[in-house]
Amino acid sequence: MIKAITGTKDILPEDINKWYYVENLVKKVMQNFNYKELRTPVFEETGLFSRGIGEATDIVSKEMYTFIDRSSLSVTLKPEMTASVVRSFIEHSMDKKQNLNKLFYISPMFRQERPQAGRFRQFHQFGAEALGSNDPALDAEMILLAYDIFNSIGLKNLVVKINSLGVPESRERYKTELKKYLSDKIDKLSEESKKRLETNILRIFDSKEYQDKEIMKNAPILLDYLDDESLIQFEAVKKHLTAANIPFEIDPTLVRGLDYYTNTTFEVVSGSIGSQSALCGGGRYDLLIEQLGGKATPGVGFAAGIERLLLACENEGCLNLQPDSLDIYIVRLDNELKNLAYQYAVDFRRKGFNVELDYLQRSIKAQMREANKLNSKYVLFVGGDEYKNNEVVLKNMVSSEQKNISIDSINEIENIIRG
RNA sequence: GUGAGUAUAGCUCAGCCGGUUAGAGUAUCUGGUUGUGGCCCAGAAGGUCAUGGGUUCGAAUCCCAUUACUCACCCCA
């Protein structure tokens, strides 16, 4: 049997309403905040991601689905959206049409990681990017956007974490200090963290090893090394969040794995999913656009994982949607009247009703059971004695009341069903 | 990439210190009297016990390998 590729999932009809609900909610809230949807191709030139996200990041160095196409071009299935949005922004000179571009997306992403709870190789993100302003109000707006969406779905158990990475110069200064602090403690660090000394020193803060945690307790803090401007920016973000009634924690160890972040970074974490607890993550990237060949333009954005969102909903018991229902199920009393029953289906469907009927030549009892299973509000019986009197029978499946109606009074049936 | 655990009907699982024809619940289908659902009742169908090898008179059950899934590390949404 051919099965779906490891780490990919079919979204089955029984689950699709949850996806519709989330997607519609995202569109609605994005509209509230005046973000416009941007759809980009699922694959891009590989160079876009290696330059945008950073050659040395895990995403680029070991997780991308990269292949050479038939014209010898190296292409990559998008592992994240920001680089694509920026590419599109530059390519279409969006900055010339509008000073500030507020964009959102809902799209599949691809990363070849080992799957686990809340982590897949094809997964879906929604997110937003605001390009053209470094106003800290926009940083806060991103957090607000994500938080409002999670909130209105009914999720509790959320923590908003924020941090500031400052500008590259202050971060480098800090890294040097941190290295200095750790230089005489290297032997005590875990093997994993020793590697991180070279690859990604800030990550040592995330270590779950006891000895690492002890050492890092007294380590210098990034926030103490921020330049003045970054500090002012960070303070303003906090102020906006407080004003919007968003509870948040400052997490000086919050480092994101993509190279392009500057200043504000944030995550919204849920305690209701497994160890992959980040529902969304994002931050400011004031240097990325220039780095990808555009005019120097500040930007800020976030991305949220839909599978993780749905997992949290499942575990918290929210998002209980009404099951699908039908307006009319047409039951055929005589097999000879198949065509008439079908004609009714055609007519009522054209009027906008949800209509189903039997295609398996089944008994009346079986048709009724089917009508019940499909949550049909009404059943229309076609055939039998009533048909001989030029009538059909309309049954209300909730009250069980039945009414005979003249065979060509489609309008009467329509009126009853519309209430 | 590393580690641990799991693999029996569409789904959730029992059976496993080796011993006739592999079970339950649920879902599906068909009935329960002239032409009508839900609840209830009866029946039917549905499985190469993940795959390949080994031990044995005999393997769903024990051993090995492979694959897949799950969780965790790493990293991230």
Side-chain angles (χ1 to χ4, degrees), chain A residues 1-9 12 14 53 57-63 78-82 106-127 146 150 190-193 195-196 199-200 203 206-209 254-258 265-270 273-282 301-312 326 329 331-335 337 360 362-388 393-402:
Chain A
M1 182 177 45
I2 298 177
K3 295 199 279 187
I5 301 285
T6 295
T8 69
K9 288 260 186 299
L12 298 173
E14 63 212 56
I53 302 169
T57 60
D58 278 20
I59 293 180
V60 171
S61 65
K62 47 192 197 197
E63 296 171 4
K78 58 187 172 190
E80 63 106 42
M81 192 67 179
T82 304
I106 303 174
S107 173
M109 304 292 165
F110 307 85
R111 293 181 201 172
Q112 191 164 2
E113 297 183 85
R114 192 76 156 253
Q116 75 185 72
R119 191 166 77 183
F120 307 94
R121 290 185 173 180
Q122 177 175 175
F123 59 102
H124 299 78
Q125 292 186 332
F126 66 83
F150 299 149
S190 67
E191 286 308 309
E192 203 63 57
S193 288
K195 278 186 218 153
R196 285 190 272 226
T199 57
N200 201 344
R203 285 255 164 236
D206 296 339
S207 175
K208 281 152 192 165
E209 301 291 334
L254 176 65
V255 186
R256 319 231 66 253
L258 294 77
T265 58
F266 62 89
E267 275 183 7
V268 180
V269 170
S270 167
I273 48 184
S275 74
Q276 305 302 309
S277 59
L279 282 179
C280 82
F302 80 93
I306 298 180
E307 283 85 355
R308 285 185 190 177
L309 174 58
L310 292 174
L311 183 60
L326 282 179
Y329 189 95
V331 170
R332 174 181 23 71
L333 297 176
D334 305 311
N335 274 330
L337 292 175
L360 301 170
R362 301 206 290 184
S363 67
I364 292 159
K365 187 190 190 81
Q367 291 181 67
M368 285 303 288
R369 280 182 169 160
E370 186 73 4
N372 191 61
K373 196 173 82 183
L374 296 174
N375 278 319
S376 195
K377 298 184 186 96
Y378 289 89
V379 161
L380 187 68
F381 293 98
V382 176
D385 294 341
E386 288 83 353
Y387 179 67
K388 287 174 197 145
V393 179
L394 185 67
K395 174 167 183 163
N396 181 319
M397 290 293 276
V398 179
S399 67
S400 293
E401 282 168 39
Q402 298 193 177

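Note: hydrogens, waters and symmetry copies are ignored here, and every other heavy atom, side chains too, is used. Just so we're on the same page: letters track the sequence lines, and every chain starts at 1.
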*Give A:A117 one of three labels, base, sugar-phosphate or nothing, depending on what nucleic acid heavy atoms sit under 4.0 Å from its own.*
sugar-phosphate
Against the side chain of A:M368, the closest entry in B:G37, B:A77, B:C69 is B:G37
In RNA chain B, stems of three or more consecutive pairs, Watson-Crick or G-U, each with both distances under 3.5 Å, turn out to be B:1-7 with B:67-73, B:10-13 with B:23-26, B:28-32 with B:40-44, B:50-54 with B:62-66
(Q) Please give the distance between the C1' atoms of B:C49 and B:U21 as a whole number of Å. (A) 15 Å
inquiry  = Taking any heavy-atom pair under 4.0 Å as a contact, classify A:T57: base, sugar-phosphate, or nothing.
reply    = nothing
Q. Quantified in whole Å, what is the C1' atom distance between nucleotide B:A44 and nucleotide B:A50?
A. 28 Å
Considering only heavy side-chain atoms of A:F381, the closest of B:A77, B:U28, B:U36 is B:U36
Atom NZ of A:K9 and atom C1' of B:A68 are separated, to the nearest Å, by 11 Å
Run A:V393 and A:V331 through side-chain contact (heavy atoms from CB on, under 4.5 Å) and show every step you take. CA-CA 10 Å; A:V393 179; A:V331 170; over 6 Å; no
In whole angstroms, the gap separating P of B:A9 from CE of A:M1 amounts to 11 Å
Original post:
Would you say A:C280 and A:F150 make side-chain contact, with heavy atoms under 4.5 Å?
Top reply: yes
Quiz item: Would you call A:V255 and A:T265 a side-chain contact if the rule is heavy atoms closer than 4.5 Å?
Solution: no
Using atom types as modelled, flag every donor-acceptor pair under 3.5 Å from a side chain in residues 373-382 of chain A to any protein atom, sequence neighbours excluded.
| unit_1 | atom_1 | unit_2 | atom_2 | d |
| --- | --- | --- | --- | --- |
| A:N375 | ND2 | A:D324 | O | 3.2 |
| A:S376 | OG | A:Y329 | N | 3.0 |
| A:S376 | OG | A:Y378 | O | 2.8 |
| A:K377 | NZ | A:D327 | OD1 | 3.3 |

Rounded to whole Å, CZ of A:F120 lies from C1' of B:U70 at a distance of 11 Å
Result for side-chain contact (heavy atoms from CB on, under 4.5 Å) between A:R121 and one of A:M109, A:Q112, A:E113 points to A:Q112
Looking across every strand, which nucleic acid part, if any, lies under 4.0 Å from A:L279 by heavy atom: base, sugar-phosphate, or nothing?
-> sugar-phosphate
note: A:L254, atom CG; B:C75, atom P; distance rounded to Å ~ 14 Å
Please work out if A:E386 contacts a base, only the sugar-phosphate, or nothing of the nucleic acid, heavy-atom cut-off 4.0 Å. base
May I ask you to decide if A:Q367's main-chain N or O and A:R362's side chain share a donor-acceptor pair within less than 3.5 Å? no
On RNA chain B, more 5' by nearest nucleotide between A:G274 and A:G281 is A:G274
Check your understanding: How far does the P atom of B:C11 sit from the matching atom of B:A27, given to the nearest Å?
Key -> 15 Å
Review point. Would you call the rings of A:F266 and A:F302 parallel, tilted or perpendicular if under 30° counts as parallel and over 60° as perpendicular?
Key: tilted
Note: for A:D385 and A:N200 on RNA chain B, the residue whose nearest nucleotide lies more 5' is A:D385
In whole angstroms, the gap separating C1' of B:G1 from CD of A:E113 amounts to 12 Å
Could you run down the sub-3.5 Å N/O contacts of the protein with nucleotides 38-44 of chain B?
| unit_1 | atom_1 | unit_2 | atom_2 | d |
| --- | --- | --- | --- | --- |
| B:G38 | OP1 | A:R369 | NE | 3.4 |
| B:G38 | O4' | A:N372 | ND2 | 2.8 |
| B:G38 | O6 | A:S400 | OG | 3.4 |

Distance check, P atoms only: B:A45 and B:A22, in whole angstrom units. 14 Å
(message) Can you check the distance between B:U70 and B:U30, where both ends of the measurement are the C1' atom (answer in whole Å)?
(response) 39 Å
* Would you mind reporting whether A:L333 and A:Y387 have side-chain heavy atoms less than 4.5 Å apart? => no
Using a cut-off of 4.0 Å on non-hydrogen atoms, how would the nucleic acid contact of A:D334 be classed: base, sugar-phosphate, or nothing? nothing
For A:Q402, which contact category applies under a 4.0 Å heavy-atom criterion: base, sugar-phosphate, or nothing? base
*Say you pick atom P in B:A60 and the same atom in B:U2; how far apart are they, in whole Å?*
33 Å
Check: Across the strands shown, which category fits A:G127 at heavy-atom distances under 4.0 angstrom: base, sugar-phosphate, nothing?
Finding: nothing
Rounded to whole Å, the CD1-P distance (A:I364 to B:U30) equals 13 Å
Would you say the side chain of A:R308 lies within less than 4.5 Å of the side chain of A:Q125, judging by non-hydrogen atoms? no
Picking from B:A77, B:C74, B:A72, the nucleotide nearest the side-chain atoms of A:K208 would be B:C74
**Asked** Is a side-chain donor or acceptor of A:E80 paired with a backbone partner of A:T82 at a separation under 3.5 angstrom?
**Response** yes
Regarding A:F302, tell me which of base, sugar-phosphate or nothing describes its non-hydrogen contacts under 4.0 Å with the strands shown.
nothing
Of the candidates B:A72, B:A68, B:C74, the side chain of A:R119 sits closest to B:C74
- Message: I'd like to know if A:Q116 reaches the base of B:C74 with its side chain, counting only an N/O donor and acceptor under 3.5 Å.
- Response: yes
Which of B:G35, B:U28, B:C73 is nearest the side chain of A:V393? It is B:G35
Among B:C29, B:A77, B:C73, the one nearest any side-chain atom of A:Q276 is B:C73
Any side-chain heavy atom of A:R114 within less than 4.5 Å of one from A:Q116? no
Which is true for A:R332 with a 4.0 Å heavy-atom rule: it touches a base, it touches only sugar-phosphate, or it touches nothing?
nothing
Item to complete: Could you tell me whether A:S376 contacts a base, only the sugar-phosphate backbone, or nothing, with contacts defined as non-hydrogen atoms closer than 4.0 Å?
Response: nothing
Next on the checklist: So does A:R119 get a backbone contact from the side chain of A:E307, meaning a donor-acceptor N/O pair under 3.5 Å?
Outcome noted: no
Atom CG of A:L309 and atom C1' of B:A77 are separated, to the nearest Å, by 11 Å
Considering only the P atoms, how many Å lie between B:G10 and B:C29, rounded to the nearest integer? 16 Å
If you look at every strand shown and take non-hydrogen atoms under 4.0 Å, does A:Y329 touch a base, only sugar-phosphate, or nothing?
nothing
In whole angstroms, the gap separating P of B:A77 from CZ of A:F126 amounts to 13 Å
